[in-house]
Asker: 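My structure is below; once you've seen it, I'll send some questions.
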Protein chains: 2
Amino acid sequence: MRESKTSRPPRAIDVAAAAGVSTATVSRAFNAPEKVLPEVRDKIFAVAAELGWLPNAAGAALASRRTWLAGVLIPTLDHDVFAAQVNALQARLSASGITVLIGCSNYDLDEAAEQVKVMLARGIEALAVVGELQRPELFEMISARGVPYVVMYSHSPQSAHPCVGFDNQAAFSKLTRYLLDLGHRNFAVIHQPSLDNDRVLARLSGIRAALASEGLALRPQHVFEGPATFEFGRESLRKCIDSAGPRPTAIICGNDTLAIGALIEARAMGMDVPGSLSITGFDDLPIAEFTSPPLTTMRVDNVAIGKAAADYLLTRLSQQAIVPREAFEAELIVRGSTGPTGE
Amino acid sequence: MRESKTSRPPRAIDVAAAAGVSTATVSRAFNAPEKVLPEVRDKIFAVAAELGWLPNAAGAALASRRTWLAGVLIPTLDHDVFAAQVNALQARLSASGITVLIGCSNYDLDEAAEQVKVMLARGIEALAVVGELQRPELFEMISARGVPYVVMYSHSPQSAHPCVGFDNQAAFSKLTRYLLDLGHRNFAVIHQPSLDNDRVLARLSGIRAALASEGLALRPQHVFEGPATFEFGRESLRKCIDSAGPRPTAIICGNDTLAIGALIEARAMGMDVPGSLSITGFDDLPIAEFTSPPLTTMRVDNVAIGKAAADYLLTRLSQQAIVPREAFEAELIVRGSTGPTGE
DNA sequence: GGACGTAATGTAAGCGCATACATGCTGGCC
DNA sequence: GGCCAGCATGTATGCGCTTACATTACGTCC
């Protein structure tokens with residue numbers, strides 16, 4: 001491990017010289033140990049450790065045409081849902097010797113395409129991307145290079161892409177159905193920005209579809225779109241309650257953060273939840289269990305999705321077989337924030 | 001962008017041929033545009049786009065001896081604090097054309113050293129690492145290669161490493177001091193696993209130091225170490241209250257999750273917070289403002305830390321000047337979960 | 001005992017680029 | 001008008017590794 005700060009890092013040829021072998025043998029000792037005599041191998045390992053040699057990945061990639069790199073493209077790391085998926089995916093791929101490049105698009109499609117371009121230049125051999133609503137050139141680029149990919153988190157039956165996720169539309173239809181069955185007929189929705197976001201769009205259409213099956217619809221003044229923060233949830237709840245006309249008895253929120261914000265504000269306004277107002281979330285954040293009342297929400301196993309996406313890519317990397325797409329289901333978690341209409 | 005799936009990706013020489021120039025000019029068009037005649041440059045760009053050529057990073061790295069890669073080593077992405085730091089750091093470095101490799105150690109020092117080894121093999125030119133409690137070989141490896149690094153998140157005055165973070169010990173001393181000034185004399189602590197974790201260790205010693213200055217100490221039965229979950233917070237609070245002997249009037253928690261767990265349980269047990277029990281957290285999670293009562297906690301600007309770490313590395317990368325270490329301060333946020341002792 | 005298979009290692013080419021150096025060309029200046 | 005500066009581009013080498021192929025040594029089998 002000795003090596004002066006000024007000199008360049010040792011190369012395979014240095015190890016070879018010190019061990020009295022050729023660079024080919026050094027390479028084999030690390031990449032195909034069984035092809036090298038145990039004593040020679042041990043000598044090489046000892047010398048490499050002594051010199052602090054690490055095989056230069058760029059050289060290896062160039063010569064072997066393998067980078068052992070994969071990419072994952074998500075909107076942001078600043079969201080438990082994506083962080084959990086990436087964490088699981090990375091753990092899995094890392095165990096197979098694959099380094100993962102994480103790209104964040106910040107919900108910007110052009111940025112997403114740009115990130116993929118950078119990743120491809122780096123030589124990723126597989127890619128997982130959140131959301132299937134992307135610039136067409138994004139999929140074109142990876143297809144042109146024959147890089148296997150998978151769409152994570154969302155899963156729509158008619159999707160043109162392999163995907164590992166759940167059906168956002170079906171999930172919100174189920175949730176809405178649950179509320180309809182409770183007797184609710186007046187709904188409000190508080191949701192995240194929908195621009196370029198297929199998950200949010202699918203959720204909204206799931207709600208509308210379920211309502212339509214009962215001949216119901218959302219009033220424009222009862223749909224609130226804004227940042228996924230507690231504050232926006234609170235503010236929207238207030239506007240919703242204060243607005244003229246028939247007051248909603250059920251509020252469907254795009255995620256738990258918005259729902260908890262709404263819940264907090266409803267309680268602050270002295271409203272009876274679920275007596276006179278039902279509120280639902282999505283994600284089942286750990287805190288959802290502990291709000292008062294506990295939040296009715298839906299749970300998705302993000303760790304499983306990350307693992308499944310990794311497994312899918314690993315399979316595609318090792319063989320040509322087409323693996324069936326994997327559908328997860330969002331599970332409805334009924335807690336205390338929802339109940340029958342008071343009427 | 002045409003290119004069959006079977007053929008290998010185009011190379012610079014293909015672009016050169018199609019544009020009627022040499023590979024040197026293609027390289028210059030992308031890396032030193034001002035050295036190429038505008039019309040030639042445009043032709044090259046057009047051809048490159050047409051062919052879908054992306055410069056192979058491995059080849060570029062080998063030839064230029066620059067990888068434009070940096071690494072960041074964190075315990076896990078599954079924690080808002082680290083995710084926020086990484087997100088900010090990555091955004092900053094990405095804007096400078098640097099790709100960041102994210103390594104997660106899962107709080108395991110050997111795994112951390114292994115990750116750094118992999119990163120060095122990939123050719124990272126800079127490294128940010130959370131926590132200064134690491135295997136010595138970790139720092140030896142990066143020093144041997146002359147790779148600039150910075151310790152993120154923690155910052156202790158006597159540290160041997162450049163660091164961008166705050167003084168965990170001082171922060172918890174300040175917090176404890178605040179409670180002491182409120183009249184508290186009986187304390188309990190609920191904290192995360194301290195093994196190999198300098199942040200947690202420093203926090204504990206900050207608490208003990210402040211108490212010692214008043215001749216006080218923590219009773220072993222009032223110190224709870226376990227996973228940073230709501231559940232462990234609840235469970236510990238219950239044990240704490242049910243335990244024999246003098247009951248603590250203030251509970252210092254290692255982070256907000258534990259504190260909120262404790263708060264929930266205290267309220268469930270019918271205790272008056274802060275009337276008969278004060279509870280503090282750390283991190284100032286968004287939800288901390290909305291618990292009942294709102295949680296007294298401490299805030300650290302993780303986004304700023306991530307940015308500052310990136311800036312430090314960027315500076316070290318561009319010049320040799322030693323940049324002074326940057327000290328952040330944890331800000332005390334007094335809310336409703338703390339108050340004077342009831343006595 | 002000689003031919004041959006096999007295992008261990010060496011030799012050398014080349015992966016896709018960047019860049020030092022060479023070349024050619026234009027224009028300005030005395 | 002000749003010379004030279006300076007610009008645009010080309011030529012060719014090598015970055016550090018892997019791997020096809022060559023070589024060597026050895027054991028085996030008839």
Side-chain angles (χ1 to χ4, degrees), chain A residues 3 7-45 47-48 51-69 97 118 120-125 145, chain B residues 3 7-45 47-48 51-69 97 118 120-125 145:
Chain A
E3 181 189 340
S7 76
R8 296 208 322 227
R11 294 156 305 162
I13 200 173
D14 300 321
V15 174
V21 297
S22 71
T23 59
T25 302
V26 171
S27 175
R28 278 188 288 255
F30 283 84
N31 302 319
E34 76 284 357
K35 293 188 181 174
V36 177
L37 244 33
E39 63 227 58
V40 176
R41 199 196 304 155
D42 293 345
K43 170 75 176 166
I44 291 172
F45 289 162
V47 166
L51 261 42
W53 178 72
L54 295 175
N56 178 308
L62 214 45
S64 68
R65 302 159 162 291
R66 294 281 274 127
T67 58
W68 298 94
L69 234 36
V118 170
L120 285 172
R122 295 245 173 226
I124 54 164
E125 302 178 325
R145 290 173 180 248
Chain B
E3 179 190 341
S7 78
R8 296 210 319 230
R11 294 156 306 163
I13 200 172
D14 301 321
V15 174
V21 298
S22 71
T23 58
T25 301
V26 171
S27 175
R28 277 188 289 255
F30 283 84
N31 301 320
E34 76 286 357
K35 292 189 182 173
V36 178
L37 245 31
E39 63 229 58
V40 177
R41 199 196 303 155
D42 292 344
K43 171 75 176 165
I44 291 172
F45 289 164
V47 167
L51 261 43
W53 178 72
L54 295 175
N56 178 308
L62 216 44
S64 68
R65 301 158 160 293
R66 294 280 273 127
T67 58
W68 299 95
L69 235 35
V118 170
L120 285 172
R122 295 246 173 224
I124 54 164
E125 303 178 326
R145 288 170 182 250

Asker: I want to verify a distance call: between D/dT19, C/dC17, D/dG16, whose nearest atom is closest to the B/W53 side chain?
Answerer: C/dC17

Asker: Looking at D/dG16, D/dT9, C/dT9, which one has an atom nearest to any side-chain atom of A/R8?
Answerer: D/dG16

Asker: Among D/dT19, C/dT9, C/dT19, find the nucleotide with the atom closest to the side chain of A/L37.
Answerer: C/dT9

Asker: B/R66 has an atom CZ; how far is it from atom P of D/dG14, in whole Å?
Answerer: 23 Å

Asker: To the nearest Å, give me how far apart CH2 (B/W68) and C1' (C/dC17) are.
Answerer: 16 Å

Asker: Take atom CG of A/L62 and atom P of D/dG14, then tell me their distance rounded to the nearest Å.
Answerer: 16 Å

Asker: Which nucleotide in the set D/dT11, C/dG10, D/dT19 lies at the smallest distance from any side-chain heavy atom of A/R28?
Answerer: C/dG10

Asker: Whole Å only: how far is the CD1 atom of B/I44 from the P atom of C/dC17?
Answerer: 13 Å

Asker: Check this for me: A/L37, atom CG, are more than 12 non-hydrogen atoms of other residues, nucleotides or ligands nearer than 6.0 Å?
Answerer: yes

Asker: Without decimals, in angstroms, what is the distance between A/K35 NZ and D/dT19 C1'?
Answerer: 9 Å

Asker: Please determine, for the side chain of B/V40, which listed nucleotide (D/dG14, D/dC17, D/dT9) has the closest atom?
Answerer: D/dT9

Asker: Could you tell me if the side chain of A/E125 sits less than 4.5 Å from the side chain of A/T67, heavy atoms only?
Answerer: yes

Asker: Nearest whole angstrom, please: distance from the P of C/dC17 to the CZ of A/R122.
Answerer: 14 Å

Asker: Taking atom P of C/dC17 as reference, at what distance in whole Å does atom CG of B/L54 sit?
Answerer: 10 Å

Asker: Kindly point out which of C/dG10, D/dG10, D/dT18 is positioned nearest to the side chain of B/S22?
Answerer: D/dG10

Asker: Atom NZ of A/K43 to atom P of C/dT9: distance rounded to whole Å?
Answerer: 14 Å

Asker: D/dC15 phosphate, OP1 or OP2: any side-chain N/O from A/N56 under 4.0 angstrom?
Answerer: no

